[in-house]
Amino acid sequence: MHLYSGSSEIDGALSGLNGTGVLSDIRPPSAAKFKGGRWPGPQDEEWRRSRVADFPLDQLQYSLAAPLPMPGSPTMPDFVRAGENILVEGDPPVADFEALSALIRVQAANDQALPELGVRLSPAAQKAGLAIYDLLGETTMPGNLRATAKSMVDAILAKSDNRFLAWNLALHSPAFFIYIPKNYDSKAPIVLDLAFAGEDRVHFPLVLVLAESGSRATLVQRLSGAVGGLVNHLYAASIGANSQIDCHALVELDESAVYIGHDLSDIARDTSLRQVTAVLGSGFAKIRSTANLNGSGAEAYLDGIYFARDEQHIDIKSVQNHQTPQATSRAYYKGVVRDKAHSIYQGMIHVAPHAPKTDAYLTNKNMVLNDGARSDSIPCLEIKTDDVKCSHGSTTGTLPAEQLFYLESRGFSRLDAESALIIGYLDEVIDRLPEGLRWPIRQSVTKAVHAPPAT
Amino acid sequence: MSNEAAVDIGDYKYGFSYPDISVFSTRKGLSEEVVHAISRHKQEPQWMLDFRLKSLAAFHEKPMPNWGADLTSIDFDDITYYATSTAKSESRWEDLPAEIKQTYDRLGLPEAEQKFLAGVGAQYDSEMVYHSIRADLEAQGVIFTSPEEAVLKHPELVQKYFGTIIPHNDNKFAALNSAVWSGGSFVYVPKGVHVDIPIQAYFRINSQNFGQFERTLIIADEGSFVHYVEGCTAPIYSTDSLHSAVVEIIALEGARVRYSTIQNWSNDVYNLVTKRAVAHKKATVEWVDGNLGSKRTMKYPAIYLVGEGAHGEVLSIAMASKGQEQDTGGKVVHLADNTSSVITSKSISKGGGISSYRGLVKTKEGVRGVKSHVECDALLLDDQSISNTYPYMEIASPDTSIEHEARVSKISEDQLFYLMSRGLTEAEASMMIVNGFLDPLVKQLPMEYALELNRLIELEMEGSVG
């Protein structure tokens, strides 16, 4: 399997792909934009505190993805029976659900096609019209959905403001299109378990979601692995009117991995988007979550938790972009930083001149556990019209000493007391996740609290 | 519902000017020659000339800021950097040239002098023209003079502190000021002395295309207290003027300094000011900052809390009307234990004006017992105006309690209805609500400034509702 190096061999990779894939048209203009740009640097306000160009980005290698087993393939096992709890494996487990609508499991850059890899749909979901397409190997995707996928990436490329977006669009792999039909209604989540194998590799996962009007669905993306590598992740959702979509991301990559994540959601009228991002892994993460509120009655809830330890660097930006009147948005991010870690939260509420009656709020709370850890909080507002309710709040503090004493005096060890208090602190956001995810996340946080600092 | 504010220029109370009677003036543009000429004219010692020249070099090296208000139409070559109206300071009101006396008559200075003030230094085209210090303050050892005089008469104090809080190469505009500074105030308050009456100074830009580069240095020795008040007015001109002041304040152990400003430059002035204070152990520094005028203001009064138990406060009001950008805020850096800070910012935007809050709260690793509270509220009076908030919190220590909140809103319809249903017109009701919005800050100003501020806001609000 041929390996391409960093940014210099992008033309070779494109010719290796040979025009295959649903989105082959976007590759050349994206590659051109990538080559014509530069890595973000300290003169770019959003990247000022995250010096991503210090990494040897041009030395990382990638290969072109092998095709994945799809529903109906003879190598696929039977889908899990209803009524049985589904433990999505991992250490700690990814999730513990009663039922799943779909499970997408990927291990990129791997020669072997292991049985559990691929895309599986539950019979109920299939019957209800849920469909998942592999954009790299797809042949059965209907023309209208192909057109939607193309227009989504065209729009992203046109507005892309950094090199990573163009890089992902040029080389997207693995790449999925998730189609949630009109009036689809299921509490059983769609789980994407993206485990990145290999070392010192770059991965470019692309996930596009089209949720038609009246749909109700839950999506969970989990990213793990990528030892010594870079994951350049792009997620974009177009959500139709009167829908309710929950979309969650668990970043549990290896502590040597670099994660660059962009997610964009376009929300139509009378629709609600609930999103929780939990950053418990990777060594360096730079995330931007954008909610574009494009219709009146639209609601976006962008929440997140982060636990940064050792020398982790976690930089999260959330954007609440009000482009129409009478929309509501909330952002609530809570984080803990310890050892020599550095967390940055940049929030933005942007209200356009033609968006009166906006109701937007943003909150960031940070806990700094010791000297040497650092937390930056930069919640911003850009308001261009007057008939709005917009505020934000930010607090930074530490573990309350009296509460630690209370627990320790009743027999908790120091670490158990700390994890109890930290989980209590983060629970306000963890409770916004679907039930099947809460216990595994709490496990992950406990594990992180107990992990001794790397010397 | 909202019309544009119709401020009739003919009625503008401070819109007058006198024929330029500058006695000495450099030619337009900036060069080493100009700096030499300024230094020579002030008869400065070599060390101050050296300081100016290295600042000029820094100015040329430093880039324009790539953030903040829009500064693209400043033309540094089209400005006169120095002009005087008389060659020496006056110490008695009666000895002042008649024209200048008339200017200050109209500004209301004589009444103030008679009733309230300890001593007044009045600035007219870059020089301290007039100051008088009340006898008892002089007896207490308080020095209140022009910085030129301080360079000549108190060089040891000046050399100890000048340019130490804001270094000559801190930023492009501080470097400019450090090269061509002229006028301003030098205040030294000895140990334990409390100055009960506020010390004031006025500034004016009078010639077209004239820059104002006053430099103020306030040293409050241990246990002392002083309240310095700065208020500016300028006539309306059609070409741009640049005001780039530098204010340095040192509050030594146990001292307290309050620095109040109402800035009402006319709408062609670029007001780019660097203000910074250092507070030592148990000292307090308060900045009270009102920004109403100018075309573009960029000003972030800062306090470095370097001694244990020090306290810093920034109270900021900004009003941005049509064509204006007020980019203001405050910065506090906690470098010692048990320090506290409060930043309160209130801004109003109308007629398409842009007001932005930009602030920083930073704590050093290892400090203990830090408390900080920041509150920024913005009022938008119509749907064309813009309000931005860019607060930065950089916390590197666990033993801190940092809070920040911000709110943006318009005048509440419920409150308007309540007042109008009791007989007030919409304009009167709006005025009352805006005054209420600003009240917590206005309360902190000396009475004549509070009155002036209220009158200025009334003037701005006229015609903005209806």
Side-chain angles (χ1 to χ4, degrees), chain A residues 42-45 48-49 336-338 340 342-401, chain B residues 1-2 63 66-67 347-350 352 354-413:
Chain A
Q43 66 274 48
D44 304 302
E45 176 62 29
R48 190 153 66 97
R49 293 149 201 268
V336 179
V337 63
R338 192 184 91 171
K340 300 204 193 86
H342 184 185
S343 77
I344 300 143
Y345 172 72
Q346 307 181 57
M348 172 61 78
I349 296 180
H350 180 87
V351 179
H354 41 270
K357 303 255 184 288
T358 288
D359 178 357
Y361 199 89
L362 122 64
T363 313
N364 175 226
K365 295 194 181 174
N366 294 293
M367 227 192 237
V368 175
L369 297 187
N370 54 262
D371 285 310
R374 179 169 148 188
S375 159
D376 296 346
S377 177
I378 308 164
C380 300
L381 300 170
E382 280 180 1
I383 316 294
K384 298 187 162 79
T385 184
D386 64 338
D387 192 2
V388 303
K389 258 167 57 178
C390 290
S391 341
H392 67 229
S394 165
T395 63
T396 303
T398 192
L399 276 173
Chain B
M1 165 181 137
S2 55
N66 64 351
W67 52 272
S347 68
I348 302 177
S349 311
K350 63 183 264 288
I354 302 174
S355 73
S356 304
Y357 167 83
R358 213 174 287 266
L360 171 69
V361 173
K362 190 175 163 104
T363 72
K364 190 177 105 163
E365 186 179 325
V367 295
R368 296 273 166 277
V370 168
K371 292 187 179 30
S372 176
H373 181 92
V374 178
E375 204 175 300
C376 8
D377 296 331
L379 201 55
L380 289 167
L381 296 186
D382 55 50
D383 60 6
Q384 297 136 47
S385 306
I386 294 176
S387 170
N388 300 322
T389 312
Y390 305 107
Y392 291 75
M393 275 138 303
E394 294 176 12
I395 313 300
S397 149
D399 191 1
T400 61
S401 165
I402 312 291
E403 294 162 4
H404 171 98
E405 51 185 297
R407 274 180 296 274
V408 177
S409 62
K410 61 176 201 161
I411 293 183
S412 150
E413 306 228 337

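Residue numbers begin at 1 in each chain, while the letters A, B, ... track the order of the sequences.
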Point to revise | Heavy-atom proximity to chain A below 4.5 Å, by part of B:S385 | key: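 Just the backbone, heavy atoms under 4.5 Å.
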
Practice item. For A:D376 and B:I395, work out which heavy atoms get closest and say how close. Key: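 Distance-wise, the nearest heavy atoms are OD1-N, 4.1 Å.
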
Exercise for review: Considering non-hydrogen atoms only, spot the tightest contact between B:P398 and A:T398 and give its length.
Suggested key: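 Nearest pair, atom of B:P398 first, then A:T398: O-CB, 3.0 Å.
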
Rounded to the nearest 0.5 Å, how far does [atom2] of [Y] lie from [atom1] of [X]?
X	Y	atom1	atom2	value
A:H392	B:R407	NE2	CZ	10.5 Å
A:E382	B:N388	CD	CG	5.0 Å
B:N66	A:Q43	CG	CD	8.5 Å
B:T400	A:N366	OG1	CG	9.5 Å
B:Y390	A:M348	OH	CE	5.5 Å
B:Y392	A:C380	OH	SG	5.5 Å

For the interface with chain B, which of [options] has the highest count of heavy-atom pairs at distances below 4.5 Å?
options	value
A:G397, A:S394, A:G347	A:S394
A:I383, A:T385, A:N370, A:T395	A:I383
A:V351, A:N364, A:L399, A:V388	A:V388
A:H342, A:R49, A:K365, A:H354	A:R49
A:P379, A:G372, A:A360	A:P379
A:A401, A:S391, A:S377	A:S377

Check your understanding: Do you know which of B:A378, B:S397, B:S409 has the most heavy-atom pairs under 4.5 Å to chain A?
Key ->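 Most heavy-atom pairs under 4.5 Å with chain A: B:S397.
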
Review point. In terms of heavy-atom pairs under 4.5 Å, which option from B:E405, B:E394, B:E403 contacts chain A the most?
Key: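 The residue among B:E405, B:E394, B:E403 with the greatest pair count is B:E394.
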
Review point. Charged N to carboxylate O under 4.0 angstrom, B:E365 versus A:R374?
Key: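 Looking at B:E365 and A:R374, the cut-off is not met.
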
Name the region of [X], side chain, backbone, both or neither, that has any atom closer than 4.5 Å to a heavy atom of chain B.
X	result
A:D387	both
A:K389	backbone
A:E45	side chain

Review point. Given A:D371 and B:R368, is the salt bridge (Lys or Arg N to Asp or Glu O under 4.0 Å) satisfied, shown in steps?
Key: CA-CA 10 Å; A:D371 285 310; B:R368 296 273 166 277; 2.4 Å; yes

